[in-house]
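Please read the structure below before turning to the comments.
Worth saying up front: this structure is predicted, and the values here are computed from it rather than measured.
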Amino acid sequence: MTTIPKLIFLDTNVYLIGAVELDSAEGQILQWLGWENQGNDGVEVVISEELIDQISRVAKRLKNKDWAGEIIGRIWQKLQVRYVQIDDSALAIIESQAIIPREDLGVYLTAKEGQTQCFVSANYKLIRILAQETGKFECLNPSEFVRKYLTNS
């Protein structure tokens, strides 16, 4: 039996796609975590100000600020969260290593500082970089996560 990670990082794209398409892999993950009903006890999502800012910016661009607020509100109200703060000096150190694309530094550090066990993103390029270069945590796209952890749970 596969042990489900207790600390999960969901990238911005997982929240946005999942909020719109509840039947998608992203939506299944959010539903499993408690997006609409009582969630999976003991599983926390790792978030930070950086992630919340990204969700807000992109959701406003895709729809409007009310939708952005609804998604952020659901994260805080419905999911079990582990909030981490990102240290600017840590950001500078990681940026100087030039392994991770600059636009993804904040999400990587959120996952790292939150001691994430599994990083879930539809950004295949980022997943590949994180898996190959850092080896800090398991990296899966949403469909892989659903197949591995939710299909038989």
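A donor-acceptor contact closer than 3.5 angstrom is absent between the side chains of S121 and N141. Q117 and E138 are not linked by any side-chain donor-acceptor pair at a separation below 3.5 angstrom, with hydrogens and angles left out of the test. The closest side-chain donor-acceptor pair between Q54 and T12 falls under 3.5 angstrom.
In this structure, F145 CZ and L10 CG are separated by 7.5 Å, a value rounded to the nearest 0.5 Å. Between the OH atom in Y83 and the CG atom in L51 there is a gap of 10.0 Å [rounded to 0.5 Å]. Separation of atoms CG (L30) and OG (S24) is listed at 8.0 Å; rounding is to 0.5 Å. In this structure, the separation between CZ on R61 and OG on S56 is 10.5 Å, given to the nearest 0.5 Å.
Judged purely by atom type and a 3.5 angstrom limit, T116 has no side-chain atom pairing as donor or acceptor with the backbone of F119. Of the possible donor and acceptor atoms, one in the side chain of T151 sits under 3.5 Å from a partner among the backbone N and O of V146. Looking only at distances, no side-chain donor or acceptor of R82 sits under 3.5 Å from a matching main-chain atom of V46.
Here the options are D11, I17, V120, the test is side-chain contact (heavy atoms from CB on, under 4.5 Å), and the partner is E26; only I17 passes.
I72 is not listed as a side-chain neighbour of Y15, based on a closest heavy-atom distance of 4.5 Å or more.
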